[in-house]
Amino acid sequence: MAKFLVVFFLLILAAGAPVLSPPAAPLSAQGQASDAATDILTLTCVLRARNADRAKDELIALAEANQGYLLKMSERRIEVYLSRRLTAPGVLNRLSEMGQLQSRSLGKQDVAEQLRDLNTAIRVREEHLAKLQKMVEGSDVSEALELEQEVNRVITEIERNRGQLNYYRERVALMHLSVNFVQTAGTVPGSGGGVPIPWVRSLNIEDFLERF
Amino acid sequence: MGSMLKQLNDTPARRAGRTSFALLLLPALLAAAHCKTYTMEAPEDFVVFDRADDFKAISADGVRIIAREIPNRPRGDLDLWTRAILLQLDGQGYQIAKNEAIRTATGREGRLIESTYLLRNVKYSYWTAIFVKEDVILLVESVAPAEDLAKRESSLRKALRDIKL
């Protein structure tokens, strides 16, 4: 009965830990978030590119040169993660070099609360785990087996929380850029785009491969 | 009986009329048959798609060639069309590697524009050769990843020199 009460008490502690825990210290003080950034940045644009394939290649190169990566790509759309060292105005400038920006929107989602809660949950569960492990050391075999199950459950919870925390940290550290491409319709006289004659217009690799 | 009647009706005037009609029809028939005004041999190690309207050839490593004739309308000379091509390629972001005069064995002047382009992180070479013969333009294009096309450079140049236009 006493063993049961001990385990029950520990379970209550583990489940209620985030609620009962004292207010968390600021993230910067905990050394968990870089540069105190706690918002997820999402930049969405519509680009009338002179050459969508080239623009995509440039965006992939830009992402890879800045600790980012390609998330998704289709004929008319690309999504990349870019380092937050690149600012939204800077990225918009680069895009405007690739064509005409038709629309842009910048979204921010503050995840400070989620980060704080996850950090607290991890800390409390780690303390709880340490106590459990001490109890395992001083218990007999049958008690140890029961406690081991609880230890495993707490470890799983901690790992899950760490995964969530890493996900948020990565999202905070990188800017999500989504670009939708629209076709360039014809050429404006004097824009330097060449003559509007079909066979001249057809001179490019994509058209060549289609004709082949 | 029928053949006798046919012979009676076949006067010299009617024969002349039929000949004139056939002569009038000839250009249209030739156009319909899409007769090429040039001949081009495939470079060494290329196979030709003999059922294609245009000249199309490919090598085992995927270097592709298309030659096609285009009416020279509105009429322009070699210099004008070369500038139009350069502008078009540049406008699409192609890097012009070479723009040089070429000449076929029969003395026809042309231009060869060698450009490169990064497509899905692969550097491609895109060659465009142009010849202008009065009301016909002959375009010869070749595409492949840059290193593959470089291996075929001499045989491609020879094929261009051997064009008869």
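Proteins come first, then strands; the chains are lettered A, B, ... in the order of their sequence lines, and each starts at number 1. No experiment lies behind these values; they were computed from the predicted model shown. FYI, side chains are in, hydrogens and waters are out, and symmetry mates aren't considered; it's all heavy atoms of this structure.
Here A/Asp207 contributes atom CG and B/Gln92 contributes atom CD; the two are 8.0 Å apart, rounded to the nearest 0.5 Å.
In terms of non-hydrogen atom pairs under 4.5 Å with chain B, the most contact-rich of A/Ile60, A/Ile205, A/Ile197 is A/Ile205. Note on B/Leu86, B/Ile85, B/Asp90: by heavy-atom pairs under 4.5 Å with chain A, the leading option is B/Ile85. Looking only at heavy-atom pairs under 4.5 Å with chain A, the residue among B/Ile58, B/Leu89, B/Ile70, B/Ile137 that has the most is B/Ile70.
Closest heavy-atom contact between B/Thr128 and A/Leu203: CG2-CD2, 4.2 Å. Pairing each heavy atom of A/Arg211 with each of B/Lys56, the nearest pair is O-NZ, 2.7 Å. Taking all atoms of both residues into account, the shortest heavy-atom contact from B/Ile130 to A/Trp199 is CD1-CH2, 4.1 Å.
Remark: B/Glu44 CD is loosely packed, at most 12 non-hydrogen atoms of other residues, nucleotides or ligands lying under 6.0 Å away. Around the CD atom of B/Glu147, the shell of radius 6.0 Å holds no more than 12 heavy atoms that belong to other residues, nucleotides or ligands. Around atom CZ of A/Arg77, more than 12 heavy atoms belonging to other residues, nucleotides or ligands sit under 6.0 Å away. Environment of CD in B/Glu41: sparse, with no more than 12 heavy atoms of neighbouring residues, nucleotides or ligands closer than 6.0 Å. Other residues, nucleotides and ligands contribute at most 12 non-hydrogen atoms within 6.0 Å of the CD atom of A/Glu75.
Both the backbone and the side chain of B/Ile66 come within contact range of chain A, with heavy atoms under 4.5 Å apart. Residue contact with chain A, scored on non-hydrogen atoms closer than 4.5 Å, involves the backbone of B/Ile65 exclusively. Looking at B/Ala144, neither its backbone nor its side chain comes within 4.5 Å of chain A, counting heavy atoms on both sides.
Counting heavy atoms from C-beta outward, A/Phe212 and B/Val143 have side chains that stay 4.5 Å or more apart. Within the 4.5 Å cutoff, the side chain of A/Ser202 has heavy atoms near those of the B/Arg68 side chain.
Between the side chains of B/Tyr117 and A/Asn51, at least one donor-acceptor pair of N or O atoms lies under 3.5 Å.
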